[in-house]
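Beneath this line is the structure, given in structure tokens, with notes to follow.
The residues of the chain are indexed from 1 along the displayed sequence.
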Amino acid sequence: MLEQMRAMAKSPVAMVLIALLILSFAVWGISDVFRGGQGDAVVIVGPNKVSVQDYSAAWDRELNRVITQSQGKITSKQARDFGLADQLLQRMTNDAALDAKAAQLGIGVSDRLVANEIRVLEAFKDPITGKFGEEQYRSILANARYTPKQFEKDVRGDLLRSQITDPVISGVMAPRSMAKIDLGFRGERRRITEIIMPETIVADPGEPTEEELIAFLDKHPGAFDTPELRAASLVTISAKDLASEIDVPEDKIKELYEFRKGELSEPETRSWVQIAAPDEATAKVIVERLKAGETAEEITKSLNLNDPIVFDKTAETNTPDDQIAKAVFAAKEGEVGASEGRLAWAAWKVNAITPAVQKSLEDVRESLREEYIKEEAADQLYELVGNFEDARASGATLEEAAEASNLLLLSLPPVDRNGRDKSHQPVSAIADEPEILKTLFETDELVESDILETENGDYYVVRTDAIEAPHTPALDEIRDKVTEAWKTNKRAEAIKELADKIADALKTGEDANAVSSRFPGTKVESAILQRGQAVPPLTQRHAGQIFSIAKGKISMAPDQSGKNLIIARLDAVIPAGTPPASLLELGRSSIGEALSADLQNEFLRGLLDQYNVRQDPRLKALALGENPEG
């Protein structure tokens, strides 16, 4: 939307409209124009809200977690398509409702309780000492894209909400009879006999006659139709292409360096040792011993404390506890002190101070050059898009507008929705551009699309030049395809005919080996199946089907390779034995957890019904980095 506004703003008419808009802001005030609706609330839950900032930050952390766990295989778009953003917002809505109820009941959580809860979390314990480790805490939060303040706020909220939900689900336990029925169902097994029939058991059907091909086509209308094809003209505008042609004058690099000199400097850093203490008195004892010349390691060992944390050339902004950092960076080199942090007291000693360093032009020349090219390419891109749109708005054809803007116009051959031509070969300019293909097949014939932006920041306009409707080609054009399909169909019919004969014989209870002997090429196997498990060559799905049929019935399906057909007869249902008491109790616990989850969900549903829950789709899209206008 912003890019479209930039492009539109180049026209004279837009200049007048913008001037009038500015005047209206001056007369009526700007605040209400942008504040309308729900303000910055993605969701309002009674007196509480989920803000754009909170939802955006939470989604950033959730996305980072998902991408990390999938090793980069899941993209941001895929995560949204999977519904993860909606699930996150529902959890945050539930939390807002519980927070509102907590406030109504006057429930609160003390700072000490929050600190104690964090200190006992296994994730933050030193792997050697088994005690809370400040360095471990800092590292794990950074990897999860949390600041300590954000995490402590979330912990406080979890503790607060648990005081409401815990009494609701406390003491829920499934009856033993329910656990016994569940274990009996899960432990039930099936004994089967299988006759495995390879696809090669049937002879080649030979070549079809002309009449057979025509009849086959008539029987399968539409099966051989060509898809809709569209020929198009395409103009793309890419910042990457522009960047390759940009020269960077030396004076521009110097100008950029002078402008950003302050940002390019390295901040002051400090090296210090820090010892976490359980209380203020212990921290002061440590201070005196540090002053006396004892090493931090000697002190922690003698007092049975966590190993000291050594900060080496660390900037103030990179420290895990800003309260302690403030004191350390106010001290002189060699100074010793004690400070109360957000989670615990700590004693510290400043070992070295490294002053801020201003980087020279040569140090940052290459990064400034890349920055200049990126910014210049973006500026040229916006200007080019604006000029191109101005030309189109003045009545120029797509060809004329492209020529006037020195842009390349591509004429694309007819392609299907996958970007493949009539020979089923991918057309390189569009085959890997799903957004452009989607636009092409949504645009009417001889109509140009708007100028649109792709996910990677490029722009394009596509015109549908011609549409070839789906049609059934003449038999001579597709004879080879129809012949192969006819043969495949004949083989499938022959296999089914044989399989039905085998199945009919097995249904009578006849011995499987005797049945197999009448059908050379087949073989017999037997198996005992556990619910939820497959025994090769059975597929998981086929094994599941067998658990749904009665004793003596038949189930047929391809094997795991897809090259053989399995005709399975259920010979016996083997009931589960009596479960041991320990397993029964484990089953009760598992079912109890499921019942607790259901009970909590019903409680939350009722709680949400008490509040006027409202959601703003525009702000939700904005928080997720999507186009609020759709």
Side chain Arg230, main chain Asp416, donor-acceptor under 3.5 Å: no
Any donor-acceptor pair under 3.5 Å from Ser405 side chain to Ala402 backbone: no
Val462 backbone acceptor or donor facing Ser449 side chain under 3.5 Å: yes
Salt-bridge present (Glu370, Arg365; N to O < 4.0 Å): no
Salt bridge (Lys or Arg N to Asp or Glu O under 4.0 Å) assessment of Glu442 paired with Lys438: CA-CA 6 Å; Glu442 289 176 349; Lys438 183 173 182 291; 2.7 Å; yes
Heavy-atom side-chain contact between Arg161 and Asp95 under 4.5 Å: yes
Over all atoms of both residues, closest heavy-atom pair of Gly419 and Ala431: O-CB, 3.8 Å
Check: Leu437 and Ile430 side chains under 4.5 Å, non-hydrogen atoms: yes
Any donor-acceptor N or O pair under 3.5 Å, side chains Gln90, Asp86: no
Gap separating the CG atom of Asp312 from the OG atom of Ser271, nearest 0.5 angstrom: 4.5 Å
Under 3.5 Å: donor-acceptor pair, side chain of Glu117, backbone of Leu159: no
Student check: side-chain heavy atoms of Lys49 and Val43 closer than 4.5 Å: no
Polar contact flag, side-chain donor to acceptor under 3.5 angstrom, Ser51-Asp54: yes
Note, Gln560 side chain near Gln540 side chain (heavy atom, < 4.5 Å): no
Nearest heavy-atom neighbours spanning Ala41 and Leu619: O-CD1, 3.3 Å
Short side-chain to backbone donor-acceptor contact, Glu152 and Lys149, under 3.5 Å: no
Side-chain heavy-atom pair Tyr611, Pro47 within 4.5 angstrom cut-off: yes
Residues Glu389 and Arg392 bridged, charged N to O under 4.0 Å: yes
Donor on one side chain, acceptor on other, Arg91 and Gln87, under 3.5 Å: no
Gly562 backbone acceptor or donor facing Asp559 side chain under 3.5 Å: yes
From CA spacing to verdict: side chain to side chain contact (heavy atoms under 4.5 Å, CB included), Leu84, Leu88: CA-CA 6 Å; Leu84 298 185; Leu88 172 64; over 6 Å; no
Lys422 and Glu468: CA distance, side-chain angles, deciding distance, salt bridge (Lys or Arg N to Asp or Glu O under 4.0 Å) verdict: CA-CA 11 Å; Lys422 292 181 178 180; Glu468 295 183 18; 3.3 Å; yes
Shortest non-hydrogen contact between Gly341 and Ile324, atoms and distance: CA-CG1, 3.9 Å
CG on Leu475 to CZ on Phe224, rounded to 0.5 Å: 9.5 Å
Asn601 (side chain) donor-acceptor with Ala597 (main chain) under 3.5 angstrom: yes
Aromatic ring proximity Tyr137/Tyr146, centre distance under 6.0 Å: no
Ser76-Arg80 side chain donor-acceptor pair, cut-off 3.5 Å: yes
Leu408 vs Val235 side-chain heavy atoms within contact, under 4.5 Å: no
Closest non-hydrogen atom pair, Phe329 against Thr314: CZ-O, 3.2 Å
Salt-bridge criterion met for Arg479 and Asp476 (N-O under 4.0 Å): yes
More than 12 heavy atoms of other groups within 6.0 Å of Gln53 CD: no
Quiz item: cation-pi between Arg270 and Phe311, 6.0 Å / 45°: no
Verdict with reasoning, Leu98 to Leu604, per side chain to side chain contact (heavy atoms under 4.5 Å, CB included): CA-CA 8 Å; Leu98 289 168; Leu604 284 170; 3.8 Å; yes
Contact check, side chains of Leu407 and Leu384, non-hydrogen atoms, under 4.5 Å: yes
Crowding at CG, Asp432 (>12 non-hydrogen neighbours, <6.0 Å): no
Student check: side-chain heavy atoms of Thr539 and Pro558 closer than 4.5 Å: no
Check: Asp450 side chain, Leu452 main-chain N or O, donor-acceptor pair, under 3.5 Å: no
N/O donor-acceptor pair under 3.5 Å between Glu484 side chain and Lys481 backbone: no
Within 6.0 angstrom of Glu399 CD, more than 12 heavy atoms from elsewhere: yes
For Glu448 against Val461, the heavy-atom pair lying closest together: CB-CG1, 4.5 Å
Neighbour count >12 (heavy atoms, 6.0 Å) for atom CG, Asn406: no
From Glu453 atom CD to Leu381 atom CG, the distance as rounded to the nearest 0.5 Å: 8.0 Å
Minimum heavy-atom distance Ala232-Asp465, with the two atoms named: C-OD2, 3.2 Å
Aromatic contact, Phe216 with His220 (centres under 6.0 Å): yes
Asp81/Lys77 salt bridge by N-O under 4.0 Å criterion: yes
Donor-acceptor under 3.5 Å (Thr319 side chain, Ala325 main chain): no
